[in-house]
Amino acid sequence: MSMTRTTCPYCGVGCGVLAGADGTIKGDPDHPANFGRLCSKGAALGETIDLEGRLLHPKVNGADADWDTALDLVAQKFRAAIAEHGPESVAFYASGQLLIEDYYVANKLMKGFIGAANIDTNSRLCMASSVAGHKRAFGTDTVPGIYADLEQAELIVLVGSNLAWCHPVLYQRIAAAKAARPGMHVVNIDPRRTATTDLADMHLQIAPDGDIALFNGLLAHLADTGQLDAAFTKNHVNGAPVAIDAARASDPSQSGLTPQELANFFDLWAQTKRVVTVYSQGVNQASCGTDKVNAILNCHLATGRIGHPGAGPFSVTGQPNAMGGREVGGLANMLANHLELDNADHRQVVQEFWDSPTICTKPGLKAVDLFEACAKGKIKALWVMSTNPAASLPDSDGVSAAIAKVPFVVTSDIMEKTDTNDLAHVLLPATGWGEKDGTVTNSERRISRQRAFLPAPGSTRPDWKILSEVAARMGFGDAFDYQKPADIFAEYVALDKAASHIARDLDLSIFADADYARLIPTQWPRDDHRFFANGRFFHPDGKARMIAVTAPILAKPRFTLNTGRNRDQWHTMTRTGKSARLCAHLAEPYVEVNPIDAAELGVTPGALMTVESIYGRAILRALVTSRVAQGQLFAPMHWTRQCTTSGTVNSITTPRVDPFSGQPALKSNAVTVQVYEAKWYGFLACINEPDPQTPYAAIARTQTGWQVELASAKTPSDWETEARHLSGQAGGDASIQTDPATGNTRVAITQNGQITALLFAAPIPVVVSRTTIVDMIGTETPPLAALAGRSPSGRPDVGATICACFNVGRNTLLAAVENGAHSVAALGETTCAGTNCGACKPELTALLAQAHLPMAAE
Ligand SMILES: Nc1nc2c(c(=O)[nH]1)N[C@H]1C(S)=C(S)[C@@H](COP(=O)(O)OP(=O)(O)OC[C@H]3O[C@@H](n4cnc5c(=O)[nH]c(N)nc54)[C@H](O)[C@@H]3O)O[C@H]1N2
Ligand SMILES: Nc1nc2c(c(=O)[nH]1)N[C@H]1C(S)=C(S)[C@@H](COP(=O)(O)OP(=O)(O)OC[C@H]3O[C@@H](n4cnc5c(=O)[nH]c(N)nc54)[C@H](O)[C@@H]3O)O[C@H]1N2
Ligand code: SF4
Ligand SMILES: [Mo]
């Protein structure tokens, strides 16, 4: 079968994929990001491209509409709002998951034709602090390094990055480099222990937001011990003395680390020339995020450890086109092509090139402010594209209320049911990954093609096309007369040429004669280029700047909620949530709590906890683990109102932002917690999609249908009715078993001899093998046997999925350990676990360690 060469649509590693129309997915051995590797999400792409749940036709006020009706309405509402209230009364909220071509068109329409800069993107929640920090230090938003640096480094410092789960292929590359060169060191700086920590020789379990105290401490130490590169700072850096003075004023113990830990880290850094500092959301998503970035950059600048093989700071991007979005100027305070919004010359170049009637002259609203403006009634028309702000922004309940207040809301998405779509007047169906063509830029500035290998389903259209058609209807047809993505890419490259007299890092000349159809993954300005090796930066005097940063006084709430990601889910789960295999890794929203806190709070095994802030509350399953320190909690961000009644974590997070970048502090939220007192807990497996309304409910896809974890403070009066209601099954026969001694109730519903729903309920968290129950759905197991909760076929309970690629469960692995597989390699040989993407290797290591501990809490 013919395979199409394309790029993974998930994280910023930007792995090359070979894809077949039948859903076959392989890593592209020739792509320089992954050389054939894929992680569990990439490997499962074939399971998420079916049409279930897709938005296939435009919708206006909930009813199917044709394109002309929908597009006319969008154009008319935007025109009317602009005419009546001015260009600042409308806004776009875009995404690092748009392709370069989509993003370029959205930005051009808003900034050059509508004439306001009210286009912001989810990159505000993601990369904004890195952008601001880079600009302060370098004069441009430049990522100096390349992936090969990770293999050439002697020391890799991972700050606020769970690389093993979030950039798994980079993690695998580092793991392989370390195995080949055992002298290489890895340090992991994170307030919690994660899968990434397993690779680290040193884990610095820092206090939340203790990073500035730590890196200021490092800078002061380097200065005090004469280990700075005086020639480099003299010739190429401004601001070193002031930054060093500020660093000396910091108290490193505020990092929460012991003097010994600090000394070990400082010495290791000082001794090692080739240091790469990889950082991500633990740095960016903080109210001091930009200062954290500069505290890190200061250390690299002060030692000249930048721009050389194996040396430099490396901000890894989250989304597939987060970097491309920055290049096309998708944020409200950027122009296009790394040109400056507040520079009249830059604006003139862009306006002349676009031949546009107007150009915005001042920055637009940043994400959090944008939705605040919605709440205040200032935004009259809002277009959300390829992102789900009603779920992913902090204070998501408040954001949802704000969106609901906007008189006209349009969304472009590939899926029909999302928390944001539920609030929109018009839904525009976009073609998704595999159906559309374009380009993305990964973390190392490499532009790769995404290529279609599937037909566009229903009446879906590519995002650039939808935008261009609205632009035409707003009267700007000439400037948006694109026939194909290649036309837009060519214009993007041509704008770069038109601005080539303006000194900046972006240089797309390598793409000037590119054959778009055959474009191979290519870095700008050219392959394997590192910036700043020559000591030349982009501030007007050609020098870099060290920035004086002060460690913040840290608030010490009783509980701080940290949030982030799981290995097998992508953000708001609209795609990964479709894969039963991916859902099996961690199937419900949870909160990690330290065992000492758990004991104090009275958390019993399987308990639910209410986590509350001044913005809202969530009910989450308690996961008692020493991975989090005392006083800290961690919850993943993924679950939305589509799959849980109360497990939405952003209901609790706070919209505090960094003053320079506007990026919200999603990693540290002051919360209170208590055990949720349920009267009953339940586990339901069923064939139809359920719609439970219990105070706690979390739905997940299974191989046989759906499963739901349930809890409520009110016991139902009739269990059969409850089971039928929960599973959406009025017909068929019900068998019920109740045990007055324990209060346990079990209900089986059968239709035509097949089990279609099984409900297990109890006054305490239900202990039953989930996989066994799920596997009985759709089978002809006799109801009484099914209610016994044991597999009739004698098939063993494989346990929760550890290896998603080969679907290997925990119990299978434990059995293998028992049979003598005592290493990750041996587990791979006997069960295949960990032998494809390798992302589960840290969990295999943990499982091997725990297999010898009878009372492990995790
Ligand atoms: N599986 C998966 N992979 C993804 C994504 C996904 O949804 N799922 N999303 C992609 C996107 S868009 C992004 S942005 C990236 C994010 O990738 P990461 O930034 O690696 O992921 P997070 O889990 O958000 O946070 C990273 C770590 O920061 C730590 N942290 C919290 N507070 C602090 C602090 O004060 N200091 C330090 N040093 N660390 C702290 C957290 O404990 C957490 O382990 O992942 C990308 N990859
Ligand atoms: N608590 C907490 N919250 C967070 C974070 C955190 O660490 N903690 N991280 C933040 C970060 S870094 C990020 S990047 C955001 C991500 O948050 P979001 O961007 O809101 O999350 P996604 O689920 O990726 O949303 C993408 C949407 O685009 C749709 N889509 C997919 N492909 C296409 C396409 O080709 N065209 C169109 N038009 N639509 C498409 C999907 O169905 C989905 O609805 O979340 C942020 N929120
Ligand atoms: S690491 Fe995984 S999610 Fe990221 S690009 Fe590669 S295959 Fe996709
Ligand atoms: Mo992100």
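Each ligand, and each atom within it, is numbered from 1 in the order the structure gives. The chain is numbered in sequence order, starting from 1. Only a predicted model underlies this, so the values are computations on that prediction, with no experimental measurement involved.
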Does even one non-hydrogen atom of Ala286 get within less than 4.0 Å of ligand 1? no
Do me a favour and list the nearest non-hydrogen protein atom to atom 12 (S) of ligand 1 with residue, atom name and distance? His571 NE2, 3.0 Å
Heavy atoms only: which of Gln569, Met637, Arg627 lies closest to atom 8 (N) of ligand 1? Gln569
Arg558 bridged to Asp597 by N-O distance under 4.0 Å: yes
Heteroatom distance test (Gln281, ligand 1): nitrogen or oxygen, under 3.5 angstrom: yes
Suppose I only count heavy atoms of Lys41 and a 4.0 Å limit; which atoms of ligand 1 are within that range? 1 (N), 2 (C), 3 (N)
Heavy-atom pairs closer than 4.0 Å: do any link ligand 1 to the side chain of Asn566, the backbone, both, or neither? backbone
Can you tell me if NZ on Lys26 sees more than 12 non-hydrogen neighbours from other groups inside 6.0 Å? no
Can a non-hydrogen atom of Met127 be found less than 4.0 Å from any atom of ligand 1? no
For atom 25 (O) of ligand 1, state which one of Gln632, Gln205, Arg567, Lys667 supplies the nearest heavy atom. Lys667
So between Ala164, Ser95, Ser280, whose heavy atom ends up nearest atom 19 (O) of ligand 1? Ser280
Can we say Glu327 and Arg445 salt-bridge, meaning some charged N sits less than 4.0 Å from an Asp/Glu carboxylate O? no
Quick check on contacts: which atoms of ligand 1 are under 4.0 angstrom from a heavy atom of Trp165? 1 (N), 2 (C), 3 (N)
What are the atoms of ligand 1, with element, lying closer than 4.0 Å to any heavy atom of Asn562? 31 (C), 41 (C), 42 (O)
re atom 20 (O) of ligand 1, the protein heavy-atom contact at minimum distance is Asn162 N, 2.7 Å
For atom 6 (Fe) of ligand 3, check which protein N, O or S atoms are under 2.8 Å away and list them. Cys15 SG
What atoms in ligand 1 come closer than 4.0 Å to a heavy atom of Pro208? 35 (O)
Nearest non-hydrogen protein atom, atom 11 (C) of ligand 1: Gly318 CA, 3.3 Å
Would Tyr10 and Trp433 count as a ring-ring contact (aromatic ring centres under 6.0 Å, His included) if you check the C-alpha gap in whole Å, the side-chain angles of each, and the deciding distance to 0.1 Å? CA-CA 10 Å; Tyr10 294 124; Trp433 183 78; 8.0 Å; no
So between Asn122, Leu163, Asp568, Asp190, whose heavy atom ends up nearest atom 41 (C) of ligand 1? Asp190
Would one find an N or O of Lys292, backbone or side chain, under 3.5 Å from an N or O of ligand 1? yes
closest protein heavy atom to atom 38 (N) of ligand 1 is Asp211 OD2, 2.7 Å
Quick check: does Cys166 get an N/O under 3.5 Å from an N/O on ligand 1? yes
Enumerated ligand 1 atoms positioned under 4.0 Å from heavy atoms of His638: 7 (O)
For Gln319, counting its heavy atoms only, list the atoms of ligand 1 lying under 4.0 Å from any of them. 12 (S)
Tyr590 six-ring face occupied by Arg621 cation (under 6.0 Å, within 45°): no
Considering only heavy atoms of Asp209, which atoms of ligand 1 have at least one such atom less than 4.0 Å away? 34 (C), 35 (O)
Checking Ser130 against Asn284 for the side-chain hydrogen bond (donor to acceptor under 3.5 Å, both in side chains) test, could you report, in this order, the C-alpha distance in whole Å, the side-chain angles of both residues, the deciding distance, and whether it holds? CA-CA 6 Å; Ser130 277; Asn284 294 335; 2.9 Å; yes
Can an N or O of Ile206 be found at a distance shorter than 3.5 Å from an N or O of ligand 1? no
Is it true that Thr576 lies under 4.0 Å from ligand 1, counting heavy atoms only? no
Shortest protein contact, atom 26 (C) of ligand 1 (heavy atom only): Gly160 O, 3.3 Å
Start with the C-alpha distance between His185 and Trp269, add both sets of side-chain angles, then the distance that settles ring-ring contact (aromatic ring centres under 6.0 Å, His included), and finish with yes or no. CA-CA 10 Å; His185 289 280; Trp269 217 96; over 10 Å; no
So does Ile520 have more than 12 non-hydrogen atoms from other groups sitting under 6.0 Å from CD1? no
At under 4.0 Å between heavy atoms, is it the side chain or the backbone of Cys126 that contacts ligand 1, or both, or neither? side chain
Could you tell me the residue and atom name of the protein heavy atom closest to atom 40 (C) of ligand 1, and the distance to it rounded to 0.1 Å? Pro191 CD, 3.2 Å
If you scan protein heavy atoms around atom 9 (N) of ligand 1, the nearest is Arg565 NE, 2.8 Å
List every atom of ligand 1 that sits less than 4.0 Å from any heavy atom of Thr194, numbering the atoms from 1 in the order shown and giving each element. 44 (O)
Using the side chain to side chain contact (heavy atoms under 4.5 Å, CB included) rule, pick out the option among Val131, Leu331, Val657 that qualifies with Arg124. Leu331
